[in-house]
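Within every chain, numbering begins at 1; the chains are lettered A, B, ... in the order of the sequence lines, protein sequences first and strands thereafter.
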Amino acid sequence: MLHLYNSLTRKKESFTPREAGKVGMYVCGITVYDFCHIGHARMFIVFDVLFRHLQALGLDVTYVRNITDVDDKIIARAAQNNEPVDTLTQRYIDAMWEDEAALSVLRPTHEPRATAAIDDMIKLIEKLIDGGFAYAADNGDVFYSVAKFADYGQLSGRKLEDMRAGERVAVDQNKEDPMDFVLWKSVKPGEPSWSSPWGEGRPGWHIECSAMAKSLLGEQFDIHGGGMDLQFPHHENEKAQSEAAHGKTFARYWMHNGFVRVDEEKMSKSLDNFFTVRDVLEEYNGEEIRFFIVNSHYRSPLNYSTAQLDSSRAALQRLYTALRGTLNVPEKGVDQSAIDRFDEAMNDDLNTPEAFAVLFDLASDINKQSSPTTDEAIVLANTLRALGARLGLLQSDPDVALQAAPVKDGAMSAEQIDALIAERLAAREAKDWQRSDEIRDQLTDEGIVLEDANGKTTWRRG
RNA sequence: GGCUGAAUGGCAGAGUGGCUAUGCACCGGAUUGCAAAUCCGUUUACCUCGGUUCGACUCCGGGUUCAGCCUCCA
């Protein structure tokens with residue numbers, strides 16, 4: 001039985017889909033005006049792990065993750081670059097897909113773009129106005145009236161009075177209440193805009209998600225996810241809009257992933273302390289980055305550091321080392337008790353650290369076998385590969401994985417390495433230990449680690 | 001100021017009212033020409049002060065520190 005922490009109730013709850021066997025899941029994606037950083041990667045990977053786990057439980061998952069492709073920052077960046085908005089957004093969407101592929105993130109079922117759903121947004125805003133939950137101001141902006149929605153503040157655990165008391169933003173004179181938020185913004189010169197009953201303009205951010213979720217998942221669905229920082233105001237507003245418009249509970253479970261930090265501080269664009277996925281891929285491969293992220297619980301803060309990535313690399317090497325030399329014979333079956341233990345951990349609100357312990361125990365058991373080709377080793381290795389797949393890891397050929405590293409200029413090629421190993425082998429046969437060690441030292445300097453076993457020498461990148 | 005959440009061994013990171021997490025690092029042994037990998041073994045812990053309890057790192061309360069949100073943000 002799957003249990004998930006529901007941000008709405010602030011406790012773990014048993015998960016039952018609203019329709020047996022099917023799950024509708026919506027996750028707030030990114031605003032495409034720059035490259036993805038490790039914080040974005042965490043969101044991609046966390047919900048990818050959930051997507052995979054729900055599927056492993058036999059559920060038919062419709063996973064929607066939107067792309068915000070109209071927004072103040074996008075407009076500003078396009079103007080700065082002197083390029084059309086859609087050229088800019090497409091470039092960063094392509095980059096996002098590249099990054100995701102490197103991190104073994106599965107593509108969601110749907111990746112709707114805000115600009116393709118403007119009509120749905122307008123309809124939703126009209127419905128809110130008709131229902132008395134929104135109003136058009138004289139300047140063409142349309143606002144949501146928070147005072148009209150009794151449950152406002154439920155998701156973020158805030159009271160309207162408290163929020164008003166702590167008001168820190170300059171109040172827009174067009175608003176009836178300082179807490180009201182914009183649904184439709186009237187056009188400003190030079191900005192992209194669409195026609196609407198309130199004149200030319202563009203949608204506010206929150207209404208985008210409400211509209212896209214409704215059109216792809218319906219008025220009510222199972223899981224809504226996103227980063228911790230979206231809980232307020234974005235998700236609170238989204239919930240208020242959708243529930244006011246449709247008169248029913250919007251998402252049944254709300255899930256929020258924790259942040260990636262740098263020096264104990266949130267990684268973000270505005271603090272300028274972010275590392276892009278592609279920068280980190282220069283030094284670490286996608287699987288190492290993915291391991292680093294999955295290695296901690298999705299709700300915990302995760303501190304970014306190269307020491308941690310180095311540790312992830314070492315841990316991954318241990319798992320791949322155990323798989324090295326094992327035969328891939330799926331017919332021999334799997335170790336069900338390990339799978340059960342893994343499922344139990346994952347069913348407990350995606351306890352990936354505990355799930356990892358199962359993988360390491362399997363690796364240990366494989367290593368204890370007299371040979372990697374015994375029936376028992378094959379079963380254990382099958383299990384390790386299968387559970388690795390559940391986390392989006394360990395799907396490479398072990399030798400390839402152990403020898404792969406981001407290629408740097410001037411790095412020694414596999415051919416050069418093999419040639420030196422052959423020369424060393426000859427030296428060793430002649431018991432010329434000095435020459436043998438010289439070659440090994442030379443390779444060590446190149447970051448190549450040699451392992452002599454059973455008369456053969458294998459190498460890996462350290 | 002308001003609201004959340006967190007504090008575990010050298011580092012990372014789970015978990016449990018009494019019993020080994022796991023990974024990395026360290027130390028001893030086996031193995032190896034020497035290493036590496038692997039195996040065996042050892043060492044290091046639960047922020048603080050009270051309370052509940054036969055017994056608390058684990059439950060309750062106070063405190064301290066840290067982070068997040070309250071403004072665009074995964």
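- For A74(B), the OP1/OP2 oxygens have no side-chain nitrogen or oxygen of Asn257(A) closer than 4.0 Å.
- Within the 4.0 angstrom heavy-atom criterion, base atoms lie near Arg440(A).
- Side-chain proximity of Phe232(A) to A21(B), G5(B), C69(B): nearest is C69(B).
- Taking all atoms of both residues into account, the shortest heavy-atom contact from Glu265(A) to Leu271(A) is CG-CD1, 4.0 Å.
- Counting non-hydrogen atoms under 4.0 angstrom, Asn351(A) reaches the backbone sugars and phosphates but no base.
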Margin query: As a quick check of understanding, evaluate side chain to side chain contact (heavy atoms under 4.5 Å, CB included) for Met255(A) and Tyr5(A), giving each step before the final call.
Written below: CA-CA 7 Å; Met255(A) 296 178 69; Tyr5(A) 181 87; over 6 Å; no
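- Between Lys266(A) and A74(B) there is no side-chain N or O to OP1 or OP2 distance below 4.0 Å.
- Distance Arg299(A) CZ to A6(B) P: 8 Å, rounded to the nearest Å.
- Distances shown here put every side-chain N or O of Ser156(A) at or beyond 4.0 Å from the OP1 or OP2 atom of G2(B).
- Nearest approach of Tyr26(A) to Cys28(A), heavy atoms of both residues: CE2-SG, 4.1 Å.
- Between G29(B) and G23(B), the distance separating the two C1' atoms is 22 Å to the nearest Å.
- A pairwise comparison of heavy atoms in Ile378(A) and Thr373(A) identifies CD1-O, 3.7 Å as the closest pair.
- Among the heavy atoms of the strands, none lies under 4.0 Å from Asn303(A).
- In this structure, Glu451(A) reaches the bases: a heavy-atom distance under 4.0 Å links it to at least one base atom across the strands shown.
- One can place CG of Leu402(A) at 14 Å from C1' of U38(B), the figure rounded to the nearest angstrom.
- Heavy atoms only, all atoms of each residue included: Ala355(A) and Ala345(A) are closest at N-CB, 3.7 Å.
- Gly29(A) comes within 4.0 angstrom of sugar-phosphate atoms only, judged by non-hydrogen atoms across all strands, and of no base.
- Contact annotation for Arg428(A): base contact, defined as any heavy-atom pair under 4.0 Å involving a base atom.
- C66(B) and G18(B): their P atoms are spaced 33 Å apart (whole Å).
- Computed from coordinates, the His297(A) NE2 to G23(B) C1' distance equals 18 Å when rounded to whole Å.
- For Trp433(A), the listed nucleotide lying nearest its side chain is G33(B); candidates were A36(B), C39(B), G33(B).
- Look at Arg324(A) and you won't find any side-chain N or O under 4.0 angstrom from OP1 or OP2 of A37(B).
- Under the Watson-Crick and G-U wobble criteria, each requiring two contacts below 3.5 Å, nucleotide G68(B) is paired to C3(B).
- Across all strands, Gly226(A) comes closer than 4.0 Å only to sugar-phosphate atoms, never to a base (heavy-atom distances).
- Across all strands, Ala453(A) comes closer than 4.0 Å to no nucleic acid atom at all (heavy-atom distances).
- Taking atom C1' on both nucleotides, U43(B) is separated from U20(B) by 14 Å, rounded to a whole Å.
- Phe259(A) comes within contact range of at least one nucleobase, with a heavy-atom separation under 4.0 Å.
- Between the P atom of G5(B) and the CG atom of Asn6(A) lies a distance of 13 Å, rounded to the nearest Å.
- Distances shorter than 4.0 Å separate none of the side-chain N or O atoms of Arg341(A) from OP1 or OP2 on A14(B).
- Contact annotation: side chain of Lys73(A) to base of C72(B), donor-acceptor pair present below 3.5 Å.
- Taking side-chain N and O atoms only, Ser364(A) has a distance below 4.0 Å to OP1 or OP2 of C39(B).
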